[in-house]
J.: 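Before I ask anything, let me first share the structure, which is written out below as structure tokens.
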Amino acid sequence: MTVSGLDSSKNQTPVKNVVIAGGGTAGWMAATALSRLLGKSINVTLVESKDIGIVGVGEATIPPIRTFHKLLGIDEKAFMRATQATFKLGIEFENWREQGHSYIHSFGITGRECWAGEFHHFWLRAKEYGFGGEFGDYCPELIAAKQSKFATSEAMPLNFAYHFDAVAYGRFLKSLACDAGVTHKEGDIEKVVVCPQSGNIQSLRLASDEVIDGDFFIDCTGFKGLLIEQALHTGYDDWRHYLFCDSAVAMQTELTAPPVPYTKSVAHQAGWRWQIPLQERMGNGLVFCSRFMSDEDAINTLKSQVTGAPINEPRVIRFTPGKRRRGWNKNCVALGLSSGFIEPLESTSIHLIMTGLIRLMRLFPFDGITQSAIDEYNNKFDSEMSAILDFIVMHYKVTQREDSPFWQQCQRMEIPPSLEHKLALFAESGRVFLDDGDIFRVDSWTQVLMGQGMTPSQYHRVADEMSEQSLKQFMAGLKQQVDNHVAKLPSHEAFLTQYLIK
């Protein structure tokens, strides 16, 4: 059926041959997903250079990756063994509100909400009465993370993600993709051939003079955006006026203690540093603003803070926070670093690859590329990136730190109008309303906002419908449930060991 007056795809070129430029996490995620889910309808070829390594800083994830793995039929134990993976219940933030303070942003649901107000409104009311304890006391994932406990079971479910070795993850997916029929080509891309009439990409010419033709191309070439930017000149929205950090130093060290089920993010004078525990090593990194810290100081600061013997030398990574003006341009979609970069403070990098892939497959142009599909992809891409930007900028803006020029600048920084509205709404009424592209739930916003030190000036009056005694019983009952749940959990180390040997 064709709607009168609207474009039809019947005259478009069908898409049969998909070419992925670049391997790494993004490339092999794309190859695995397309081959396993659409492999009967399309042919997939992946081209990667043996001389270009994986950036490998995206070693922490958020819970939707489990759904992605189930969709692809990936065996969890096989994946965890191959990638040295550990379980992740959230992120501990140190020195973000102020020096010496810490809180955990967990993946769990805190308390129990009602139709008119989320749980934090009842907690705020309890605080006025003088009881209620800490907000995090009512979240099993948060308390389990604090106590380094973990287990998976239907009787006591926890919402979790993973830490893993990104290089090993790429190798693991490569094996799955090639088994599913992906053609793997190794070589340097010397030229991207663009049709002068349509502006579409026609082929990739390798340094060996081999030409790889395609109907549709996926750019996974990293920051340089060989296809989406250098060939198609898509443009880039630079967000350095919102996010000052533009550099990172990464290194690996030997483990000195059992791995904990959470990532650590520790703020420093010009940014923050991460700790990501794997089964046999620790991933370390320091994110910083080059205007306030030199490479040498960043390397020395990281070396002074890590524990365990170094496995490799620190390496400096440059980035420009922002996004491509279009994630899908002509017959090319950019995934991973080629589509943009928002610093990995909340472990969103791999998630964005996954959501981009799912969106592409739902809109896949089997019968030809249409403008409506491109527009839908780009609208969702823009809203998702903007929502994540708000969440990341919030960490820097809602702080009491003024102890260095970097943090003083953060206090004066410009913020997106959408975030300005969210902060004002929460400060005045305790309300959080999610945007269309928001991947973080209300629980995440409240945990981080209050963890950073923002307390609403009022709560929803639905909490007043409970008497003081009823509220006290309600809160005590919820806390008891959490305590009972966590008390039954083994240590993360013990569960991980037992789980992987079965």
Side-chain angles (χ1 to χ4, degrees), residues 55-60 90-105 163 223 238-253 262-277 282-307 310 313-323 337 340-349 388-416 419 448-449 451-453:
V55 171
V57 299
E59 298 178 316
I91 305 171
E92 181 183 38
F93 289 93
E94 290 185 12
N95 301 334
W96 279 87
R97 181 198 294 192
E98 57 189 346
Q99 291 273 19
H101 178 270
S102 70
Y103 69 94
I104 291 178
H105 168 207
H163 306 117
F223 290 124
D238 188 329
W239 284 343
R240 280 178 292 186
H241 55 298
Y242 293 138
L243 295 169
F244 302 146
C245 292
D246 57 6
S247 307
V249 180
M251 68 181 295
Q252 301 165 9
T253 56
Y262 56 89
T263 306
K264 290 193 72 168
S265 170
V266 184
H268 62 79
Q269 64 177 1
W272 59 281
R273 64 181 176 88
W274 74 77
Q275 289 183 334
I276 299 174
M282 181 73 76
N284 308 278
L286 186 136
V287 178
F288 63 101
C289 175
S290 60
R291 286 184 290 150
F292 297 100
M293 178 176 274
S294 67
D295 291 356
E296 182 180 4
D297 286 344
I299 292 171
N300 291 335
T301 299
L302 180 60
K303 283 184 171 180
S304 71
Q305 296 295 325
V306 299
T307 58
E313 285 299 310
R315 57 198 176 91
V316 177
I317 302 164
R318 301 281 184 225
F319 58 86
T320 300
K323 68 170 185 66
L337 301 177
F341 186 75
I342 303 176
E343 61 186 70
L345 182 59
E346 286 282 357
S347 308
T348 53
S349 297
I388 293 174
L389 174 67
D390 280 356
F391 197 67
I392 301 303
V393 171
M394 176 256 289
H395 292 67
Y396 290 101
K397 188 64 175 179
V398 182
T399 177
Q400 298 170 19
R401 290 195 63 161
E402 295 182 343
D403 53 281
S404 70
F406 173 83
W407 289 104
Q408 291 165 11
Q409 186 71 22
C410 288
Q411 292 280 8
R412 301 189 297 269
M413 71 188 293
E414 174 189 357
I415 64 174
L419 176 59
V448 176
L449 282 168
Q452 294 280 126

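Values reported hereafter were calculated over all heavy atoms of this structure, with side chains retained and with hydrogens, waters and symmetry mates removed. We're numbering straight along the sequence, starting at 1.
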J.: The criterion is side-chain hydrogen bond (donor to acceptor under 3.5 Å, both in side chains); which residues satisfy it with Thr348, sequence neighbours excluded?
T.: none
J.: Which pair of non-hydrogen atoms, one from Met251 and one from Pro310, has the smallest distance, and what is that distance?
T.: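 Here Met251 and Pro310 meet closest at CE-CB, 3.8 Å.
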J.: So, for Glu343 and Cys245, which heavy atoms are closest and what is the spacing to 0.1 Å?
T.: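 Looks like OE1-CB, 3.6 Å.
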J.: Please examine the side chains of Thr253 and Thr307, heavy atoms only from C-beta on, and report whether any two atoms are closer than 4.5 Å.
T.: no
J.: Could you tell me whether Phe288 and Trp272 have their ring centroids closer than 6.0 angstrom?
T.: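 Here the rings of Trp272 and Phe288 have centres that are no less than 6.0 Å from each other.
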J.: With a cut-off of under 6.0 Å to the ring centre and 45° to the axis, is Arg291 in cation-pi contact with Phe244?
T.: yes
J.: Using a 4.5 Å cut-off on heavy atoms from C-beta on, say whether the side chain of Gln305 contacts that of Leu286.
T.: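 No, their side chains stay 4.5 Å or more apart.
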J.: Could you pull out the closest heavy-atom pair between Lys397 and Cys410, with the gap in Å?
T.: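 Minimum heavy-atom contact is CD-O, 3.7 Å.
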J.: So Leu243 and Tyr396, side chain to side chain contact (heavy atoms under 4.5 Å, CB included) or not? Walk me through it.
T.: CA-CA 8 Å; Leu243 295 169; Tyr396 290 101; 4.1 Å; yes
J.: Where do Arg273 and His268 come nearest, in terms of heavy atoms and distance?
T.: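 Distance-wise, the nearest heavy atoms are N-CD2, 4.0 Å.
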J.: Check the angle between the aromatic planes of His395 and Phe93 and answer parallel, tilted or perpendicular using the 30° and 60° thresholds.
T.: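 Taking Phe93 first and then His395, their aromatic rings sit tilted (interplane angle of 30° to 60°).
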J.: Quick one, Asp246 with Ser290, criterion side chain to side chain donor-acceptor pair (under 3.5 Å). Give me CA distance, side-chain angles, the key distance, then yes/no.
T.: CA-CA 7 Å; Asp246 57 6; Ser290 60; 2.8 Å; yes
J.: Taking side-chain hydrogen bond (donor to acceptor under 3.5 Å, both in side chains) as the test, write out the residues that go with Thr301, two or more places apart.
T.: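 By the side-chain hydrogen bond (donor to acceptor under 3.5 Å, both in side chains) rule, Thr301 matches no residue at all.
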J.: Taking the side chain as every heavy atom from C-beta outward, state whether Trp274 and Leu345 have any atom pair closer than 4.5 Å.
T.: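 Answer no - side chains too far apart.
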J.: Answer whether the closest heavy-atom distance between the side chains of Thr263 and His163 falls below 4.5 Å.
T.: yes
J.: Heavy atoms only: give me the nearest Val287-Phe319 pair and the separation to one decimal.
T.: CG1-CZ, 4.1 Å
